[in-house]
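For clarity, every value in this text was computed on a predicted model and none was experimentally measured. Sequential numbering from 1 along the given sequence is applied to the chain's residues.
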Amino acid sequence: MEIDGFRGRLVTEDDIGYDGARAVWNGAVDRRPRLIARCGGTADVAAAVRFARDQDLEIAVRGGGHNVAGTAVCDGGIVIDLSAMRAVWVDPVGRTARVQGGALWGDVDHETQAHGLATTGGIVGHTGVAGLTLGGGIGFLMRKYGLTVDNLVSAEVVTADGGIVRASAHEHPDLFWALRGGGGNFGVVTTFQLTLHPVGPTVTAGPVFWAAEDTTEVLRFYRDFTADAPEELGTVVRLGTVPPLPVIPEDLHYRPAMAVASCYAGAVDDGAHAVRALRRFGTPLVDLIGPTPYAEHQGGLDDTVPHGWHYYWKATDLAGLSDEVIDVVAEHAYRARSPRTYAAMFHMGGAVARVPGDATAYAGREVSHNIIIDAVWLPEESGELAGAERAWARGFLHALAPHRAGGVYVNFLDADDRADRVREAYPDHLYRRLAEVKAKYDPDNAFHHNKNIRPA
Ligand SMILES: Cc1cc2nc3c(=O)[nH]c(=O)nc-3n(C[C@H](O)[C@H](O)[C@H](O)COP(=O)(O)OP(=O)(O)OC[C@H]3O[C@@H](n4cnc5c(N)ncnc54)[C@H](O)[C@@H]3O)c2cc1C
């Protein structure tokens with residue numbers, strides 16, 4: 001098989017590398033595309049889009065391949081695969097980075113930290129920049145520097161007709177608006193230009209763990225602690241078991257526990273001051289906060305969620321951390337059977353909430369916390385345990401129903417949410433505007449193997 005004007009690598013079922021090339025982060029996803037077009041650059045992406053449209057092929061677009069729903073790979077169609085396009089070019093004077101559409105956050109942190117710079121990215125280094133950015137982009141730096149989309153200066157986009165355009169505040173501003181939260185609906189982004197900020201390279205960061213029995217008290221304290229926290233302080237709560245990382249004493253591994261992971265985007269001493277009360281609360285099992293290279297902190301969770309394990313997610317925005325929410329969380333978080341399963345809550349606010357709600361397509365700027373319920377099991381456990389873990393995740397979400405804020409982060413939706421919960425991710429006025437931009441840039445809905453916005 002050949003694609004006119006394509007210089008990358010084409011992978012089909014007959015190639016030895018086919019199974020590796022069709023695998024995504026979530027090992028539970030098992031799809032068999034007819035063709036994987038591993039692109040070398042923008043011209044290849046444009047050629048692959050034109051070919052797919054000519055041949056009327058189902059299109060999946062792969063950035064980091066990390067989305068839990070596995071939308072980066074389709075059955076029977078073509079995968080436009082950007083995983084070989086991972087370059088990051090830093091302009092330390094202008095404080096921007098140009099990042100190719102297949103780069104991972106570990107690539108970005110590695111290159112930008114060489115200059116003492118960073119931008120808001122995901123909390124796991126092997127997550128793709130593209131999918132994360134297009135959905136909004138939440139992470140440790142967001143309360144100080146905004147969402148990833150708030151740092152997006154421009155994007156090079158291959159549109160549904162195979163054309164190449166640049167989207168920015170001044171060029172195709174409607175497309176630029178939609179790219180900042182509307183997901184992969186509007187074209188294939190081959191380069192992101194992102195604003196950078198001075199961060200680290202050493203920051204005060206790390207997790208503190210408490211025993212599961214202390215969850216209610218710790219979360220009540222955490223609610224008040226985060227209400228007054230400086231914007232430099234980003235925190236994520238993790239509830240499940242202690243991950244078996246080499247930095248954690250072995251006798252604690254897999255013990256039911258909750259953790260608060262912190263990262264302070266400012267001077268190390270100011271960070272130490274900001275987390276003092278948190279570290280002193282109750283009786284931590286282990287406290288790993290300290291001066292840490294920012295890039296190392298960003299990679300700290302990588303081994304807890306490796307490629308190939310099986311994952312199933314449920315998520316929602318929360319209407320605050322009331323006592324009732326805390327009770328539901330404490331009651332459900334430790335009922336899963338798999339020791340790899342966990343739930344996580346992100347503390348939002350700060351710079352995220354200061355941007356007007358319709359400035360970008362990202363919904364949920366007013367949300368203070370969200371939760372993601374992550375069922376995890378090993379491939380060889382995918383029988384009865386998988387069913388139990390899935391049921392646990394759905395039951396946990398159901399128990400939170402009275403406390404939901406009425407939205408959900410689109411990037412946390414799983415495959416079985418795609419039919420009805422994408423609509424929940426956007427309030428009516430944002431969805432209508434997204435549908436209009438979709439009708440202009442992709443009227444035939446060629447890019448639909450995603451969290452789909454239908455053309456108006
Ligand atoms: C372990 C883990 C940790 C995470 N942590 C965070 C976090 O801290 N913050 C956060 O905000 N999110 C986080 N996420 C969610 C993450 O944002 C999504 O999974 C996101 O889709 C990952 O992007 P990707 O490029 O790897 O996705 P892929 O699976 O490659 O793609 C997902 C979809 O994005 C679109 N897409 C991908 N590449 C392109 C492109 N170049 N152009 C146009 N469309 C494209 C396509 O529609 C595709 O179907 C995390 C996910 C995981 C699994």
In plain terms, say whether [X] and [Y] are close enough for a salt bridge, that is, a side-chain N and a carboxylate O under 4.0 Å apart.
{"X": "R53", "Y": "D56", "result": "no"}
{"X": "K314", "Y": "D374", "result": "no"}
{"X": "D228", "Y": "R223", "result": "no"}
{"X": "R365", "Y": "D150", "result": "yes"}
{"X": "E424", "Y": "R421", "result": "yes"}

Begin from the C-alpha positions of S262 and T204 and carry the test side-chain contact (heavy atoms from CB on, under 4.5 Å) through to its verdict. CA-CA 8 Å; S262 302; T204 294; over 6 Å; no
Are [X] and [Y] close enough that a side-chain donor and a side-chain acceptor fall under 3.5 Å?
{"X": "N185", "Y": "D442", "answer": "no"}
{"X": "E381", "Y": "H310", "answer": "no"}
{"X": "H172", "Y": "Y441", "answer": "yes"}
{"X": "T71", "Y": "R62", "answer": "no"}
{"X": "Y312", "Y": "D416", "answer": "yes"}
{"X": "N67", "Y": "K451", "answer": "yes"}

Candidate pair W105 and V124, rule side-chain contact (heavy atoms from CB on, under 4.5 Å), full reasoning: CA-CA 7 Å; W105 281 105; V124 169; over 6 Å; no
Partner residues of R32 under the side chain to side chain donor-acceptor pair (under 3.5 Å) criterion, sequence neighbours left out: E13
Can Y311 and W25 be said to form a ring-ring contact (aromatic ring centres under 6.0 Å, His included), step by step? CA-CA 9 Å; Y311 300 91; W25 169 78; 3.8 Å; yes
